[in-house]
Amino acid sequence: MGREPQKCKQCGRTIYFDGICVNCRTENERNRILALSGAEIEAAIGQICNEIEETGALKEERALFTELLNYRDIDTSKIARAAFQKGIFHPCEIYKDAPDDVIRAMMEMLKQDDTASMLANSLLRCLAVYGGEEVFQLFLELERHPRKWGGKLYVGSAYYAAAGGWTFDREGRFTKTNFDKCYPMVRGTQEGKAKSPVKIGARTKEKCPKCGCGIVDLMEIDGRDPRLDFLGIAGVIKAKCCPNCIVFSEGDFCRYTVDGESEIIIDEDRPKMEDYLREEGIEELASNTYVLGEHPVTPRYAADWEGGSSVGGFAFWIQDCEIRFCPDCGKPMKYLAQIQWDTVLDGMEGNAYIEICKDCHVMVVLHQQT
Ligand SMILES: [Zn+2]
Ligand SMILES: [Zn+2]
Ligand SMILES: [Zn+2]
């Protein structure tokens with residue numbers, strides 16, 4: 001039936017079909033986009049605009065758009081103008097560099113009571129990606145004086161803002177929910193990993209009180225490495241969690257010190273759980289050889305399926321963007337890192353996300369999958 005295990009012809013991992021694995025295919029496509037010249041990028045943008053203008057939709061070229069955005073951080077102004085004329089608001093990242101007049105028109109639409117709530121939902125996302133002071137002031141105003149369309153939405157405008165990497169609290173204080181810089185985690189060696197300032201999945205001696213699974217430092221980050229200056233962390237921090245329980249729960253919060261100490265804040269209400277990972281899973285997780293990439297990449301580099309693991313930048317939220325509130329100060333936390341599970345644990349679906357409140361020295365590890 002063609003289900004015999006075989007080796008990926010590029011990286012050697014076990015797959016159940018002919019050819020190369022999904023990770024390698026993504027990597028090859030990424031390398032193709034990274035090699036495009038300026039003129040080729042312009043031509044590709046033209047191709048995307050053509051589809052929008054001729055068909056009133058972005059379907060055929062949607063994947064190309066996402067690749068150009070994620071890997072090259074293209075200027076989206078031309079695409080935004082074309083999309084707005086045709087009433088296309090997905091994906092919202094189209095509006096990252098939208099022209100002023102387009103943004104103003106969208107803001108006007110949101111101020112109206114009779115805007116359809118579905119449309120308002122899309123406009124909020126698009127404007128969140130564009131960001132800036134005026135959008136922030138409008139979101140604040142909408143949160144304080146909701147329009148009629150707001151009644152049909154489940155969440156307020158502050159929630160939508162996080163899709164663009166920012167939000168604000170009840171007092172109207174602006175905070176960023178993302179770091180601007182992004183570094184990828186790349187395949188390395190055991191020796192390389194020993195020296196890497198970021199490590200994934202280190203064992204600890206602790207066992208989870210709810211399931212008995214080995215507790216891990218899902219990510220260890222040494223902020224003293226010059227590459228990680230943008231994090232503003234003057235030491236070693238460890239995001240500790242039970243990798244078994246976080247899949248079935250709201251995630252694990254932990255308190256950390258910058259000396260590498262970390263303690264899970266136990267959720268007493270969490271039910272006992274079976275340990276599906278077991279010792280084999282922990283062993284596999286701990287033996288990965290991912291290391292921090294040498295150079296920074298574009299902020300959305302890892303923000304798609306098979307995007308891999310990364311530190312900083314934007315996450316690929318499989319469900320909706322999920323910025324948690326710090327259990328100590330109540331303020332929105334900041335997205336710190338993403339781990340694509342199947343790159344470190346064969347057959348495990350989804351991503352883990354790490355968020356941080358540096359004021360309170362608290363991190364959370366949460367999980368999403370389809
Ligand atoms: Zn492969
Ligand atoms: Zn557990
Ligand atoms: Zn806090």
Side-chain angles (χ1 to χ4, degrees), residues 5-31 167 169-171 173 175-177 186-187 201 203-218 232-233 237 239-258 263-279 281-282 285 288-290 305-306 308 323-336 340 342-348 352 354-367:
Q6 48 179 300
K7 299 263 185 249
C8 164
K9 291 186 173 59
Q10 192 166 318
C11 72
R13 73 192 274 170
T14 304
I15 52 173
Y16 296 88
F17 46 87
D18 252 344
I20 61 171
C21 73
V22 185
N23 278 310
C24 285
R25 255 184 279 160
T26 304
E27 198 172 306
N28 295 349
E29 183 58 12
R30 191 184 256 166
N31 287 334
T167 191
D169 62 17
R170 286 192 174 283
E171 283 73 46
R173 279 179 301 228
T175 59
K176 286 194 61 118
T177 55
V186 299
R187 283 188 205 131
R203 281 173 180 281
T204 72
K205 293 196 172 72
E206 296 165 52
K207 297 280 183 218
C208 173
K210 298 296 182 181
C211 75
C213 176
I215 297 284
V216 297
D217 293 322
L218 190 60
I233 294 164
I237 62 167
K240 195 177 262 190
C241 72
C242 169
N244 184 61
C245 281
I246 61 161
V247 174
F248 308 99
S249 70
E250 295 291 296
D252 276 337
F253 284 92
C254 69
R255 275 180 220 292
Y256 69 86
T257 71
V258 292
E263 191 184 338
I264 294 181
I265 304 172
I266 301 290
D267 175 4
E268 298 299 345
D269 297 334
R270 184 184 293 175
K272 292 266 184 205
M273 180 66 60
E274 188 176 336
D275 175 12
Y276 296 99
L277 271 184
R278 300 171 183 278
E279 173 51 29
I282 298 297
L285 175 58
N288 81 80
T289 56
Y290 278 88
W305 297 106
E306 311 300 328
I323 292 296
R324 292 290 175 81
F325 294 91
C326 172
D328 285 9
C329 68
K331 285 190 257 180
M333 298 178 78
K334 196 164 180 175
Y335 165 74
L336 176 63
Q340 184 187 325
D342 67 3
T343 63
V344 288
L345 259 174
D346 203 24
M348 179 134 162
I354 302 171
E355 295 169 10
I356 189 167
C357 176
K358 287 200 289 177
D359 293 344
C360 306
H361 286 206
V362 170
M363 283 189 275
V364 64
V365 183
L366 56 113
H367 169 95

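All ligand and atom numbering here is 1-based and tracks the order in the structure. For the numbers below, each heavy atom of this structure counts, side chains included, while hydrogens, waters and symmetry mates do not.
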Angle, SG of C11 through the Zn ion (ligand 1) to SG of C21 - 10° precision: 110°
Apex the Zn ion (ligand 1) - arms SG from C24 and SG from C8 - angle rounded to 10°: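 Between SG of C24 and SG of C8, the angle at the Zn ion (ligand 1) is about 110°.
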N/O/S atom of C245 inside 2.8 Å of the Zn ion (ligand 2), strictly under: yes
Contact summary for R187 and C24, nearest pair of heavy atoms: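 Looking at all heavy atoms of both residues, the closest pair is NH2-SG, 4.4 Å.
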From [X] atom [atom1] to [Y] atom [atom2], the distance as rounded to the nearest 0.5 Å:
| X | Y | atom1 | atom2 | answer |
| --- | --- | --- | --- | --- |
| C254 | M363 | SG | CE | 4.5 Å |
| C357 | L336 | SG | CG | 12.0 Å |
| Y16 | C21 | OH | SG | 13.0 Å |

Angular separation of C357 SG and C360 SG about the Zn ion (ligand 3), given to 10°: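 Rounded to 10°, it measures 110°.
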